[in-house]
Amino acid sequence: MGLIERVLTFVFGGGRNVMKETAEVFRENAEGAAQRAQDVQIAAMQGHMAEFRVQDRGRFDRVMDAVNRLPRPAMALGCLALFVSAMVDPVWFAARMSGIALVPEPLWWLLGVVVSFYFGARHQAKGQEFQRSMSENLKRVPEVVDVIETLEGPLRPEVRSPMEDGENPVLLDWRKHSSGGATK
């Protein structure tokens, strides 16, 4: 076995690449880093998907959703009905408003809390449903991008480097200023 062969066997032999392993001590392996980043992103997306998975809803849940949709339209229509009743029979309307004026203040506070909690919980449930639908839509983004690129061409335009022309514009500018206006 010759000297060159022994050196090459030492550096590249035994199924190892000593130079590569030594270089990776000082600089991260870009391919390995990209793979780890992809693994982290896939794990995050899978966790996100599990959190917002659409669950089968039973009849009771569907009925309760329908009941939960009633208060806002009922309140809006009730307010409109109050305006109509005030115009149709002002005496009847005044009697009802006088009765409301006799409601004690703590009861108004209680009504405010109940309405606030109802709409707050509804807002939170709708927000979570929105996030769930967004995660479903995000899973389809690569598919849509592929279709658009197939139809229209690449979405990202090719960017030309200033160096493609063979000269560095900054270097040319520096030469012009450092030599008093003449380029070399």
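The analysis underlying the following values was restricted to heavy atoms, covering all of them including side chains, and did not include hydrogens, waters or symmetry mates. Note that the structure is predicted; figures quoted are calculated from it, not measured.
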Chemist: What residues join Met45 in its hydrophobic cluster, counting side-chain heavy atom gaps under 4.5 Å, either direct or through other members?
Modeler: none
Chemist: Taking side-chain contact (heavy atoms from CB on, under 4.5 Å) as the test, write out the residues that go with Ser135, two or more places apart.
Modeler: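 In terms of side-chain contact (heavy atoms from CB on, under 4.5 Å), with neighbours along the sequence ignored, Ser135 is linked to His48, Phe52.
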Chemist: Rounded to the nearest 0.5 Å, how far does CZ of Phe60 lie from CE of Met64?
Modeler: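 Separation between the atoms: 5.0 Å.
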Chemist: Going by the rule side-chain contact (heavy atoms from CB on, under 4.5 Å), which residues pair with Val113 if we only count those two or more places apart in sequence or in a different chain?
Modeler: Phe117
Chemist: Side-chain heavy atoms under 4.5 Å apart, restricted to Ile/Leu/Val/Met/Phe/Trp/Tyr: what other residues fall into the cluster of Leu70, or is it alone?
Modeler: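 Result for Leu70 is none, singleton.
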Chemist: Linking I/L/V/M/F/W/Y whenever any side-chain heavy atoms sit under 4.5 Å apart, do Met75 and Val103 land together?
Modeler: yes
Chemist: Transitive ILVMFWY cluster of Val88 at side-chain heavy atoms under 4.5 Å: who else is in it?
Modeler: Val84
Chemist: Using a 4.5 Å cut-off between side-chain heavy atoms of Ile, Leu, Val, Met, Phe, Trp and Tyr, which other residues end up in the same hydrophobic cluster as Phe130?
Modeler: Met134
Chemist: Between Arg140 and Glu143, does any NZ, NE, NH1 or NH2 come within less than 4.0 Å of an OD or OE carboxylate oxygen?
Modeler: no
Chemist: Asp89: which residues meet the side-chain hydrogen bond (donor to acceptor under 3.5 Å, both in side chains) condition with it, sequence neighbours left out?
Modeler: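 Testing Asp89 for side-chain hydrogen bond (donor to acceptor under 3.5 Å, both in side chains), a comparison that skips the adjacent residues, returns none.
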Chemist: Pairs in or reaching into residues 90-113: which pass side chain to side chain donor-acceptor pair (under 3.5 Å), with residues at least two apart or in two chains?
Modeler: Glu105-Trp109
Chemist: With side chain to side chain donor-acceptor pair (under 3.5 Å) as the test, pick out the partner of Asp173 among Arg175, His177, Lys176.
Modeler: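 Answer to the side chain to side chain donor-acceptor pair (under 3.5 Å) test with Asp173 among Arg175, His177, Lys176: His177.
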Chemist: Of all residues at least two apart in sequence or in a different chain, which pass the side-chain contact (heavy atoms from CB on, under 4.5 Å) check with Pro104?
Modeler: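 Here the qualifying residues are Pro106, Leu107.
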Chemist: Identify each donor-acceptor pair in which a side-chain atom of residues 31-39 lies under 3.5 Å from a protein atom, sequence neighbours left out, and give them as a table.
Modeler:
unit_1 : atom_1 : unit_2 : atom_2 : d
Gln35  : NE2    : Asp39  : OD1    : 3.0
Arg36  : NH1    : Gly32  : O      : 3.4
Arg36  : NH2    : Glu28  : OE2    : 2.8

Chemist: Under the side-chain contact (heavy atoms from CB on, under 4.5 Å) rule, collect the residues that match up with Met97, sequence neighbours excluded.
Modeler: Leu82, Phe93, Ile100
Chemist: Apply salt bridge (Lys or Arg N to Asp or Glu O under 4.0 Å) to residues Glu129 and Lys126 and explain how you reach the verdict.
Modeler: CA-CA 5 Å; Glu129 186 177 318; Lys126 288 298 179 182; 3.8 Å; yes
Chemist: For residues 59-87, which residue pairs qualify under side chain to side chain donor-acceptor pair (under 3.5 Å), counting only residues two or more places apart or in two chains?
Modeler: Arg57-Asp65
